[in-house]
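Input: a single structure, listed below in structure tokens.
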Amino acid sequence: MSEAERDEAAIGIAGLDDVLAGGLARSRVFLFEGSPGTGKTTISLQFLLEGAKVGERVLYITLSETEDELKASAASHGWSLDGIDIYELVPPESLLDEEQQQSLLYSSDLELGETTRRIFEAFQRVKPSRVVLDSLSEIRLLAQSSLRYRRQVLALKHFFARQEATVLMLDDLTAEQHDKTVHSVAHGVVRLEELAPDYGAERRRLRVIKYRGRRFRGGYHDFEIQTGGVRVFPRLVSAEHHRSFEREVLQSPIAELNALLGGGVERGSSVLVLGPAGTGKSLLSLTFVANAVGRGERAAMFVFDEELGLLIERAKGLGFDLQAMVDQDLLVLEQVDAAELTPGEFSERVRHCVEFHGARTVVVDSLNGYQAAMPGENALILHMHELLQYLNRQGATTFLTVAQHGLVGDMRSPVDVTYLADTVILLRYFEALGRVRRAISVVKKRTGAHENTIREYRIGSNGVTLGAPLTNFQGVLRGVPTMVGDEPGLLDIEG
């Protein structure tokens with residue numbers, strides 16, 4: 001079936017078409033509204049370029065920008081507007097025509113009826129299948145009253161409907177904030193927003209306010225404007241993604257760690273690694289990454305808190321050659337800048353690694369950095385819930401690290417996500433015999449039994465080494481334990 005024969009006119013932005021359940025219903029009028037700079041013109045140009053690509057006649061009617069400005073904007077994205085008919089409501093040459101200066105100096109000086117007549121004439125001349133009207137703000141100014149404005153928009157809607165054209169009307173929201181005149185007239189309404197965080201780049205999101213007769217993807221969806229056009233990242237809904245896989249138990253190369261975990265970690269589950277800074281959370285996750293790569297599986301690691309070069313060098317000193325794994329195309333190692341990345345784009349990156357690269361082990365290091373990309377804690381938990389559910393249903397084993405505040409004694413986490421994870425590994429510092437040591441324990445495992453002991457572990461040139469359960473100590477998790485037996489049973493620190 002050709003594009004022209006479909007019930008939807010695809011916009012040409014994959015994520016936005018997904019949000020709109022295929023695109024815009026043909027022969028209907030849609031409203032895209034948003035403050036200046038939110039991307040309305042870019043999206044509308046992509047909508048027309050998509051139509052021109054499949055052989056449709058398309059028309060851009062501009063009441064605000066000139067043709068040269070539109071072409072310059074398109075050129076910044078590497079586009080040519082050769083296949084698009086552009087009609088300026090006020091041709092530039094009229095500015096120099098003394099006979100027309102009284103009535104045709106600017107679009108706001110045109111009579112409303114004259115404006116509408118020129119729009120109809122431009123349409124009849126081109127007879128397009130797709131039309132963009134930019135923008136309704138000029139028509140609203142000419143109408144001067146809400147009633148007259150509504151009648152004018154209705155007249156435009158009925159005219160375009162008779163011509164079987166799919167129309168995109170743009171509104172820059174420069175009028176009254178609560179003016180919903182066009183909302184009831186349009187077949188669908190999409191709101192574009194730009195947010196300015198206290199630090200970092202601006203962030204954009206969109207929401208479909210209405211779409212008659214269509215089950216669209218609700219809620220807010222992050223998007224960005226980059227060279228080449230707009231990219232939309234649909235909100236991740238884990239229930240839409242299922243894959244059959246074998247729930248096998250994945251073991252680490254460390255026998256004592258496997259014993260602590262009750263045999264290992266189940267495929268398609270999530271593991272939360274909690275502990276203060278420097279306890280080896282990243283290293284513990286790398287142990288499972290290296291083991292997955294050793295099985296010939298692909299893995300992905302998203303690093304928020306550490307520069308990749310330093311991580312690669314540090315891991316190499318502990319026996320993990322991350323660069324070799326990357327070179328063999330078995331590991332996707334990505335640096336994530338929380339100040340520049342939206343949560344939606346991060347979810348999209350994770351999905352890409354799982355669905356296109358085939359990653360079966362995913363590490364997010366750390367959740368503290370991921371939290372910085374969130375507007376608030378509640379949003380963080382909801383995003384993480386959907387992401388973990390998605391990864392679990394794809395058969396990917398996920399490792400999350402969280403750096404807790406403090407070093408010994410009472411620990412505080414920036415956000416509590418322990419209830420989301422299937423397994424929780426707790427790392428701690430403790431003092432014994434005049435040395436600062438490290439302890440590891442498993443405090444939760446949904447998928448089976450686990451060892452309820454506390455073991456000491458050491459980080460050395462061969463990675464992580466675990467000792468026997470610390471049965472002769474109590475109070476290890478408080479940081480200053482007391483010995484209740486004759487033998488301490490501690491690891492040799494110098495070993």
Side-chain angles (χ1 to χ4, degrees), residues 226-228 231 233 243 245-246 248-255 257-258 264-265 267-271 273 278-341 345-370 373 387-388 390-392 394-401 403 425 458-465:
Q226 54 184 207
T227 302
R231 288 185 65 201
F233 310 106
R243 176 189 293 178
F245 61 94
E246 183 181 350
E248 58 185 322
V249 175
L250 307 175
Q251 294 188 334
S252 80
I254 307 169
L257 180 57
N258 294 330
V265 175
R267 186 181 296 282
S269 68
S270 55
V271 180
V273 185
T279 47
K281 299 180 296 297
S282 302
L283 176 60
L284 194 64
S285 302
L286 281 175
T287 301
F288 286 93
V289 167
N291 211 37
V293 170
R295 293 192 301 268
E297 296 179 0
R298 288 189 170 90
M301 191 169 184
F302 298 91
V303 183
F304 283 85
D305 306 327
E306 190 171 1
E307 199 275 324
L308 288 187
L310 290 175
L311 175 64
I312 291 172
E313 285 301 314
R314 187 166 67 91
K316 196 168 187 178
L318 296 170
F320 301 104
D321 193 344
L322 297 184
Q323 190 59 56
M325 300 178 194
V326 172
D327 294 341
Q328 294 167 17
D329 196 29
L330 291 174
L331 174 65
V332 176
L333 189 60
E334 288 200 20
Q335 179 87 56
V336 182
D337 186 347
E340 301 293 326
L341 190 72
E345 184 178 356
F346 177 69
S347 297
E348 186 76 12
R349 284 194 190 182
V350 174
R351 283 189 60 188
H352 185 79
C353 285
V354 171
E355 296 176 14
F356 293 94
H357 290 285
R360 306 297 302 277
T361 299
V362 176
V363 175
V364 178
D365 184 24
S366 69
L367 205 57
N368 306 68
Y370 185 61
L387 187 59
L388 288 180
Y390 163 78
L391 289 168
N392 287 357
Q394 294 295 303
T397 308
T398 311
F399 293 85
L400 306 171
T401 68
I425 299 176
R458 185 183 66 238
I459 299 174
S461 58
N462 294 322
V464 176
T465 302

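Start at 1 with the first residue, then count along the sequence. Values below: all heavy atoms of this structure, side chains included; hydrogens, waters and symmetry mates excluded.
- Residues L257 and L284 are in side-chain contact: their nearest non-hydrogen atoms beyond the backbone lie under 4.5 Å apart.
- Within the 4.5 Å cutoff, no side-chain heavy atoms of L286 are placed close to those of L318.
- With N462 contributing its side chain and G319 its backbone, the two residues share no donor-acceptor pair below 3.5 Å.
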For residues 299-307, which side-chain donor-acceptor pairs fall under 3.5 Å, sequence neighbours excluded?
residue : atom : partner : partner atom : Å
D305    : OD2  : S366    : N            : 3.4
D305    : OD2  : S366    : OG           : 2.3
E306    : OE1  : R314    : NH2          : 3.0
E306    : OE2  : R314    : NE           : 3.0
E307    : OE1  : G309    : N            : 2.9
E307    : OE1  : L310    : N            : 3.1
E307    : OE2  : G309    : N            : 3.2

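- Inter-residue side-chain proximity for H352 and V332 is flagged as unmet; no heavy-atom pair is nearer than 4.5 Å.
- Minimum interatomic distance between F245 and R267 (heavy atoms only, all atoms of both residues): CE1-O, 3.7 Å.
- Side-chain atoms of F346 and V336, non-hydrogen and from C-beta on, do get closer than 4.5 Å to each other.
- Within the structure, no pair that satisfies the salt bridge (charged side-chain N to carboxylate O under 4.0 Å, His left out) test touches residues 278-288, not counting sequence neighbours.
- Atom-to-atom distance recorded for L387:CG and N392:CG is 9.5 Å, nearest 0.5 angstrom.
- A distance of 11.0 Å separates CD in Q328 from CZ in R298, rounded to the nearest 0.5 Å.
- Every residue was checked against the ring-ring contact (aromatic ring centres under 6.0 Å, His included) condition with F320, not counting sequence neighbours, and none meets it.
- Here the side chain of N258 pairs a donor or acceptor atom with the backbone of S252 at under 3.5 angstrom.
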ask   = Please walk me through it: do T401 and D365 pass side-chain hydrogen bond (donor to acceptor under 3.5 Å, both in side chains)?
value = CA-CA 5 Å; T401 68; D365 184 24; 2.6 Å; yes
